[in-house]
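What follows is a set of notes on a single structure, which appears directly below.
Predicted model only: the values in this text are computed from it and were never measured. Chain letters run A, B, ... following the sequence lines, proteins first, then strands; residues in each count from 1.
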Amino acid sequence: MNPFEKYSVEMINNKLDLTVLEGSYLPEIFPHREREIDLMAKTLSSVFHNSRPSNLLIYGKTGTGKTSTTTYVTKMLKEKDPEGIEIFHVNCQVFDSPYSILVEIANALTQTNEDKIPGLGWPMDRIYSELLKRMNRSRRFMVVVLDEIDKIIKKNGPDALYVILKLSDDSTVTRTSFIGITNDTGFLESLDARVRSRLNQESIMFPPYNASELRDILKLRISNISGSKPIDDSALNLCAAIGAQEHGDARKALELMRIAIEVSIRDGTTKVTDKEVYRARDKFEMDVMREAVATLPPQSKMVLLSAVVTQEMDSSMMFTGEIFENYKSICRELGFAQLSSRRISDILTELEDFGLLTTSTKSQGRYGRTRFIRVAGNYFDVKRYLVEDKDLEKFRGTGIGKQARIDTTVPLDSIPPEKIDEKIRDIWDATPSE
DNA sequence: ACTCCACAGGAAAATTGGGGTA
DNA sequence: TACCCCAATTTTCCTGTGGAGT
């Protein structure tokens, strides 16, 4: 018997479809967001008076419904006038330079089988004029949603946005408006005045949900689940409470509920109780960490491995220098080229951003000023994820450039140190691409 | 008051590899 | 094929810094 039979049958028998609890699900009703939706609609409604809507800046913490309400409102706007309005949603975490964003928009504007602009190689001004050419042909209102807009500034400096926002001046035929979404409340201050005044023509703040608001959201979503699984009221309240604790995060509350239901199905319990929610929370934390580790670039994985090993050797505080030293020997051992200490410093910051490390800069007087670093959460779990990771387990040549593997049939010792990088390059060049 | 450790983190140069053109 | 342009990534070089030691 297929081992999945038991579980899938229950899914089918109960007609349980949990997609309404997933992050990508776009609801039709947004409880406690009436004010925000109205404000957004009021701003965008300028298109019906044939004038360009003001640019809009939306802020609020994660899971306060910024992205989904914006998606909903813009979708409704387009429904009102499908011919005259074009909506683009750009996730700036994926497309994080002005270059890639302009290319993305230009390629989305492709009509018929016009050539796609390659993601690399073209000069910036050519992309810009090509985009303008394509835009001015369509004779429409265009609304560009820049989701996680703070990422652009963070990666490219304050001038990056200026180039993009200039589009609304230069596109004479197509009137272009921007909606920026960010969860960084200090974002505005990091902009210089000209960009700020352009972007912040209107702004909407999304306040965090409180526990009772989260409960309303959960109730509404659950009522949309086709099929049923009994859910204790207290379990529902618990999800809401945890979500409220986490800066009013609806996404987390919904995700917890989804996992709790899955746990309940897997364990064959008759209903979802507090116990399932608590187990869901543990599973959630671990999944987040596992995912974060798995998606790291190979070099970051090695730095993290070094941190784990360093902490294991000496459970007291460790600092940047120790991690760098151990990182170097791990590289030697595994046959990876090593990056400079400056780069490792940045990677450590990145790992902190991912929540895998916690750091605090401390001054030790005579003994220098450095960051003290801890592996976040249970370092044994992190180590397990790393050890079972294929990048660190086998080092098959799936990396690129310097990240490729050294041929283990050639003892590392037989290569003079100054030739090692060259050797890696040779092997990489000889590696047949897939 | 002055030094100086061990870095943090900014700026600029250098390297890398895709893409275009001749 | 050789060569130039470009963005992205990494290295090199650099200045700044909090406070224990002297």
Problem - Side chain of A:Leu339 (C-beta onward), nearest among B:dA8, C:dT10, B:dA11 - result: C:dT10

Practice task
Take atom CD1 of A:Ile344 and atom P of C:dT12, then tell me their distance rounded to the nearest Å.
Solution key: 13 Å

Handout entry: A:Phe324 CZ to B:dA8 P, straight-line distance once rounded to whole Å
Key = 11 Å

Problem - Between C:dT11 (C1') and A:Ile347 (CD1): distance, integer Å - result: 13 Å

Practice task
State whether A:Lys42 and A:Asp38 are salt-bridged, where the test is any N-O pair (Lys NZ or Arg NE/NH1/NH2 against Asp/Glu carboxylate O) under 4.0 Å.
Solution key: no

Problem - Between C:dA8 (P) and A:Glu350 (CD): distance, integer Å - result: 15 Å

Exercise for the section: Select base, sugar-phosphate, or nothing to describe what A:Ser100 touches, counting heavy atoms under 4.0 Å on all strands. Expected result: nothing

Practice task
Can you tell me the distance, in whole Å, between the CD atom of A:Glu325 and the P atom of B:dA6?
Solution key: 12 Å

Exercise for the section: Nearest whole angstrom, please: distance from the P of C:dC6 to the CD of A:Glu130. Expected result: 17 Å

Problem - Reference residue A:Tyr327; test side chain to side chain donor-acceptor pair (under 3.5 Å); the match among A:Arg332, A:Gln299, A:Gln338 - result: A:Gln299

Problem - Nearest-Å distance for atom pair CD1/P, residues A:Ile373 and B:dA6 - result: 15 Å

Handout entry: Per A:Arg342 side chain, nearest of listed nucleotides B:dG9, B:dC7, C:dT10
Key = B:dG9

Handout entry: Lys/Arg N to Asp/Glu carboxylate O, A:Glu285 vs A:Lys252, below 4.0 Å
Key = yes

Handout entry: A:Arg279 and A:Glu262 ion-paired at < 4.0 Å
Key = no

Practice task
Please report the shortest heavy-atom distance between A:Arg140 and A:Pro82, naming the atom on each side.
Solution key: NH2-O, 4.3 Å

Handout entry: Side-chain N or O of A:Thr320 closer than 4.0 Å to phosphate OP1/OP2 of B:dA8
Key = yes

Practice task
Kindly state which residues belonging to residues 362-372 of chain A come within less than 4.0 angstrom of DNA chain B, counting heavy atoms of the residue only, listed by number.
Solution key: A:Gly365, A:Arg366, A:Tyr367, A:Gly368, A:Arg369, A:Thr370, A:Arg371

Handout entry: Phosphate OP1/OP2 of B:dA8 contacted by A:Ser345 side-chain N/O (<4.0 Å)
Key = yes

Problem - Between B:dA8 (P) and A:Leu348 (CG): distance, integer Å - result: 8 Å

Exercise for the section: State whether A:Thr361 places a side-chain N or O below 4.0 Å from either non-bridging phosphate oxygen (OP1 or OP2) of C:dG18. Expected result: no

Problem - A:Tyr209 six-ring face occupied by A:Arg33 cation (under 6.0 Å, within 45°) - result: yes

Handout entry: Heavy-atom check, side chain of A:Phe48 versus side chain of A:Leu77, under 4.5 Å
Key = yes

